[in-house]
Amino acid sequence: MDCLREMKEEERGELGLVLRAFTKQNCRICRVLGLWGDLGDGVLYLASEKQKRGNFLDKNLGCFEKEGVFNFALMGMEMCEAVISLHKEGLIAGCLSFSCFQLDDFGHIYLDLIEVLLTGRGIQDVVANVGFSGKKIGDGEIRMLFKDLLKRDVFVCPEVLLKLLEKEGTGVECCSLKYPIRYSSDAWLLSCILLRIVNGDVFSDEWVEYMCHIIVKGSENSEIDCSSVYTSSMEKVSSLLGTKFGAECVSLQQILCKCLDLDPESRSLVVDVWKCIRELVIRPQFDKMVKLYGASYDENVGRCMVVGKLCLLSRERTETQEKDELQGKEANGATDMVNGLTEGRIKWKDLQGHLDCVTGLAVGGGYLFSSSFDKSVKVWSLQDYSHVHTFRGHEHKVMAVVCVDEEQPLCISGDSGGGIFLWSINIPFGQEPLKKWYEEKDWRYSGIHALAVSENGYLYTGSGDKLIKEWSLRDGTLSGTMTGHKSVVSAIAVNNGVLYSGSWDGTVRLWSLSDHSLLTVLGEDMPRAVSTVLSLAADQHTLIATYENGSVKIWRHDVLRKSMQIHNGAIFTVSLDGKWLFTGSWDRTIKAQ
């Protein structure tokens, strides 16, 4: 739903038109099943039925002889019916390929809308590669373009091709054709496909010459020249068709050639082609059963799929990915996130449910955990960002939360009353904690302020009583205490065998996890009035500390390397990812450095 909301109105309207029209069973159209959102790769898919027998046209090129005229007629009728169904819903294909037509178990032909869209994207890629924006292309490029399309058995009419070139900012030398895209544009495509089926590669060569001539040389000043080329080309096409099917198909020859007229208004409609082909099977005097109602179209409302937004969406995404690869960007992680933020590609979502300040976030087991002053810990799905569960039981404000992604995944929360709760994050979530215990109660101090977990199965707490305590996760027993801070221990972090603790006293202390000995003290020379440490991040030999006055300090090998004032308020959270530093502040901003 977020993806649909973010779409432009024209994109969403086009998608809605396809879904409304073809989610029901429609004559000769593969049914559209709906939308599928893949949260893993962040892509919204349009899903459709696929006929089991698949594409068949490429296996029948040039195979029809005079005795096969009825087979050809039945096949041609059903192809026309598929395109007429498309037109009835206000859609114009604008391009067609052999792969767009599928065969079911009973030998009936269906039009696959997904393949039409994919064909359109393929044509747009070919057009984008043939020229450059602001430049004009000539006979050589046009010839190369059509040969490329024919290799794929893809057909596109002149007015659609010129529209696509225009959208790319590419002009054609000596061409001033300006014909609109109409329903008869699809009659051109059907005529090409039917003639190609009958005549094979012979028609392809003739088609390339004809298209190159009318597009490159087609202009108001050369109308007579184009007309003579059209007449010459159609005579060859008629001769080829006559050789295959004989004199009884003269009317079919005429109407298929009429469909290839340069002017869309002069072409026959698809319904006229259908009627003509039907006469090869059932003579008009005996055809009293069928009347084709509802086959008149308003040319002002037809929407061409190949020049529409649905064909363009995937290419825009591909161009962004190619740009990222050229610039050596990572496909994920902090770098991609920062670039996405600056380019406006990162989406956000509000997770609402807490009744008071959110004090901590942790990720584990495919979930996001949030702690709050409302005395609860909420669980959110990272797949669809829905609220999954709420852990209740704390009697005081929950100040911190961490996760353990081990054999038995855990969420651990600590509150201002000194309570430590261990929650199982296996489904189904329980209402009671697996284990809970409390620090020694002392009314003078404010309970738990910070939590961290080491790889060897110990939990570390920073508390209002100025102490860092080590607890066994197995049985909740206190196994060690580190003293030295002169005020509340407000932040702790564990990395590479070292525990880092930050305090309201303005210092950061480094402790050995093996014997709890003090390794060094950082920041003792800072003025205490503005030096309350609020959060820490450590990676290898780099330590980041954030402060109440909006500043950040960076130590490397215990030496202060940099001090920056980056926020206008207290910095409550910090994250270090490679060479990127993220900070969140009281001033309601998140910054990336």
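Position 1 is the first residue of the sequence, and the numbers go up from there.
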Verify the neighbour count for atom NZ of Lys378: are there more than 12 heavy atoms of other residues, nucleotides or ligands below 6.0 Å? yes
So, are Glu14 and Lys309 salt-bridged, with charged N and O less than 4.0 Å apart? no
Heavy-atom pair with the smallest gap, counting every atom of Pro180 and Pro264: O-CG, 3.6 Å
Atom of Leu194, atom of Gly76 and distance for their closest heavy-atom approach: CD2-CA, 4.0 Å
Under the side-chain contact (heavy atoms from CB on, under 4.5 Å) criterion, do Leu86 and Val116 qualify, and how do the steps go? CA-CA 11 Å; Leu86 196 67; Val116 174; 5.7 Å; no
Decide whether Ser376 and Thr390 meet the rule of one side-chain donor and one side-chain acceptor closer than 3.5 Å. no
Side-chain donor or acceptor of Asp261 paired with backbone N/O of Lys258 under 3.5 Å: no
Heavy atoms, side chains only, cut-off 4.5 Å: are Leu96 and Ile193 in contact? yes
Would Leu113 and Ile29 count as a side-chain contact (heavy atoms from CB on, under 4.5 Å) here? Give the steps. CA-CA 7 Å; Leu113 284 184; Ile29 302 283; 4.1 Å; yes
Give a yes or no on whether a salt bridge exists between Glu115 and Lys50, defined as a side-chain N under 4.0 angstrom from a carboxylate O. yes
Between the main-chain N or O of Leu256 and the side-chain N or O of Ser191, is there a donor-acceptor pair closer than 3.5 Å? yes
Would you say the side chain of Tyr367 lies within less than 4.5 Å of the side chain of Ile427, judging by non-hydrogen atoms? yes
Is the closest side-chain heavy-atom distance between Val363 and Phe369 below 4.5 Å? no
dist Phe101:CZ -> Cys30:SG (nearest 0.5 Å) comes out at 10.5 Å
Taking C-beta and beyond as the side chain, do Leu190 and Val273 meet within less than 4.5 Å on heavy atoms? no
Between atom CG of Leu368 and atom NE2 of His387, what is the distance when rounded to the nearest 0.5 Å? 10.5 Å
Evaluate the side-chain proximity of Asp112 to Ser48: yes if any heavy-atom separation is below 4.5 Å, no if none is. yes
Heavy atoms only: give me the nearest Ile109-Glu78 pair and the separation to one decimal. N-OE1, 2.8 Å
Within the supplied structure, the quantity of interest is the number of heavy atoms (other residues, nucleotides, ligands) at a distance under 6.0 Å from Ile590 CD1; does it exceed 12? no
Is the ring pair Phe429/His389 parallel, tilted or perpendicular, if the boundaries are 30 and 60 degrees? parallel
Determine whether a donor-acceptor pair (N or O, by modelled atom type, separation under 3.5 Å) exists between the side chain of Lys349 and the backbone of Tyr385. no
Taking atom CE of Met79 and atom CG of Leu74, what is their separation to the nearest 0.5 Å? 13.0 Å
Nearest 0.5 Å, what's the SG-CD1 distance between Cys276 and Ile255? 5.0 Å
If you round to the nearest 0.5 Å, how far is CD1 of Ile114 from CG of Leu118? 7.0 Å
Which of Val160, Val306, Asp186 passes side-chain contact (heavy atoms from CB on, under 4.5 Å) with Ile181? It is Val160
So which heavy atom on Val281 is nearest to which on Ala73, and how close? CG2-CB, 3.5 Å
So do Leu15 and Leu35 actually touch side chain to side chain, heavy atoms under 4.5 Å? yes
Is the closest side-chain heavy-atom distance between Arg28 and Leu111 below 4.5 Å? no
Which atom of Ser268 lies closest to which atom of Ser184, heavy atoms considered: O-CB, 4.0 Å
Working for side-chain contact (heavy atoms from CB on, under 4.5 Å), residues Asp153 and Arg196: CA-CA 9 Å; Asp153 288 312; Arg196 171 107 160 92; 2.7 Å; yes
side-chain contact (heavy atoms from CB on, under 4.5 Å) for Asp263 and Tyr179? Distances and angles first, verdict last. CA-CA 7 Å; Asp263 184 356; Tyr179 290 120; 3.7 Å; yes
Would you say the side chain of Gln124 lies within less than 4.5 Å of the side chain of Leu164, judging by non-hydrogen atoms? yes
Would you give the length of the straight line joining atom CZ of Arg303 to atom CD of Glu89, rounded to the nearest 0.5 angstrom? 13.0 Å
Minimum heavy-atom separation for Ser370 and Leu361, please, with both atom names. CB-CD2, 3.7 Å
Any sub-3.5 Å donor-acceptor pair from Arg31's side-chain atoms to Glu49's backbone N or O? no
Could you check Glu279 against Ser251 for side chain to side chain donor-acceptor pair (under 3.5 Å), going step by step and ending with a plain yes or no? CA-CA 10 Å; Glu279 288 177 4; Ser251 60; 5.0 Å; no
